[in-house]
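Structure, as structure tokens:
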Amino acid sequence: MSDPRATTAPRRHLLSVADLTRDDVERVLDTASSLAASIDREVKKLPTLRGRTVVNLFYESSTRTLASFELAAKRLSADTMSIRSAGSSVDKGESLKDTALTLAAYDPDVIVMRHPSIGAPQLVARLTDAHVVNAGDGKHQHPTQALLDLYAIREALGRLDGVRVAIVGDVLHSRVARSLVQALTLVGGETVLVGPPTLVPRGIGGLGCEISHRISAIGDADVVYVLRMQRERIGEAFVPSLREYTALYGITPARVRAGQVVMHPGPMNRGIEIDPRVADSEQALVTDQVRAGLVVRMAVLYDVLTVAPVEARERAEVA
Ligand code: NCD
């Protein structure tokens with residue numbers, strides 16, 4: 001079987017979960033576990049990426065993803081800077097290409113990038129010599145979110161193989177859902193997508209998951225993964241009203257059974273897709289996900305910079 005990475009240059013990127021093998025996922029999660037153990041000390045910094053430069057280039061708002069990439073680079077002793085489109089020359093009309101070429105002139109080792117357009121990170125990967133990590137492109141992919149979610153599930157349940165995850169809500173606009181379904185499939189998990197037909201279109205089943213328009217479908221899941229209603233992308237046209245959405249699909253204490261864990265990538269709309277009593281309950285892993293984000297992003301930076309180039313080069317040679 002041909003390996004998609006065999007045709008690419010040795011320089012490694014993380015653009016899509018589709019580029020990963022099960023081994024890649026397990027290696028990153030295991031690296032994250034050992035990093036978690038090593039930063040659990042008083043001195044939280046490791047010298048691993050000393051002398052490397054990580055640039056975060058964010059064209060969409062972000063709290064968790066940007067903060068954790070920045071901190072991850074610092075914890076590994078890399079130099080890091082973050083550029084948000086607001087307040088940068090993007091405001092003055094600079095194109096993505098010119099911004100990328102400008103940043104490339106500083107020779108960054110890694111560019112971590114979030115953009116509203118699908119494929120923007122691929123473009124930057126072609127234009128620069130940096131390793132590019134996709135931190136979310138439109139509704140397409142958010143691979144590091146999927147990896148941190150797998151990490152948080154593995155920590156909470158002790159396994160990934162056979163884990164059943166119900167992803168509930170605005171699947172249509174969700175890069176998180178797309179990446180997570182693919183990642184779970186890689187590691188032997190099962191997914192059911194749950195929501196109204198306007199937000200969970202049938203065609204999405206092609207990703208290899210089940211679909212249900214009934215909230216009762218979350219009943220046999222180990223994990224209830226709640227998606228944010230992306231009001232900035234959907235307006236209200238996709239649901240008759242948010243109140244009706246909440247009545248039919250909101251995750252309330254009555255809908256969650258004992259033994260299930262509840263996840264949400266953040267930011268949460270409390271009282272819309274998730275009841276505050278669930279968000280603040282013992283069953284919620286939301287803070288664990290945020291913590292996982294730091295160690296998993298450290299592992300990703302380490303991985304693209306140090307582990308895989310040799311392996312990728314070998315694969316390119318045999319192709
Ligand atoms: C997600 C995103 O930006 O795709 N948030 C995140 O990265 N923590 C999900 C969302 O915005 O709903």
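Below, each value reflects all heavy atoms present in this structure, side chains not excepted, and no hydrogens, waters or symmetry copies. We number each residue from 1, following the sequence as shown. Order of listing sets the numbers, starting from 1, for every ligand and every atom in it.
- For ligand 1, the atoms lying closer than 4.0 Å to a non-hydrogen atom of Gln145 are 6 (C), 7 (O), 8 (N).
- For ligand 1, the atoms lying closer than 4.0 Å to a non-hydrogen atom of Val176 are 1 (C), 4 (O), 9 (C).
- Atoms of ligand 1 found under 4.0 Å from any heavy atom of Gly266, numbered from 1 in the order shown, are 1 (C), 5 (N), 6 (C), 8 (N), 9 (C), 10 (C).
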- Query: Should Ile211 and Val192 be marked as a side chain to side chain contact (heavy atoms under 4.5 Å, CB included) after you check the CA-CA gap, both sets of side-chain angles, and the distance that decides it?
  - Reply: CA-CA 5 Å; Ile211 286 180; Val192 55; over 6 Å; no
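- Interface atoms of ligand 1 facing Arg114, defined by a heavy-atom separation under 4.0 Å, are 2 (C), 3 (O), 7 (O).
- For ligand 1, the atoms closer than 4.0 angstrom to any heavy atom of His142 are 2 (C), 4 (O), 6 (C), 7 (O).
- No donor-acceptor distance shorter than 3.5 angstrom exists from the side chain of Gln145 to the backbone of His142, with no hydrogens or angles considered.
- With a heavy-atom cut-off of 4.0 Å, Glu60 does not touch ligand 1 at all.
- Checked against a 3.5 angstrom limit, the closest N/O atoms of Pro265 and ligand 1 fall inside it.
- No hydrogens or angles considered: a donor-acceptor pair under 3.5 Å links the side chains of Asn56 and Ser82.
- Defined by atom type and a distance below 3.5 Å, a donor-acceptor pair is missing between the side-chain atoms of His264 and Gln289.
- Ligand 1 lies nowhere less than 4.0 angstrom from a heavy atom belonging to Gly136.
- Near Thr65, meaning under 4.0 Å from any of its heavy atoms, are these atoms of ligand 1: 6 (C), 7 (O).
- In the model, Asp24 has a side-chain atom that pairs as donor or acceptor with a side-chain atom of Thr21 under 3.5 Å.
- With no hydrogens or angles considered, a side-chain donor-acceptor pair links Arg231 and Asn269 at under 3.5 Å.
- Checked by atom type, the side-chain pair Arg154/Ser33 shows a donor-acceptor distance below 3.5 Å.
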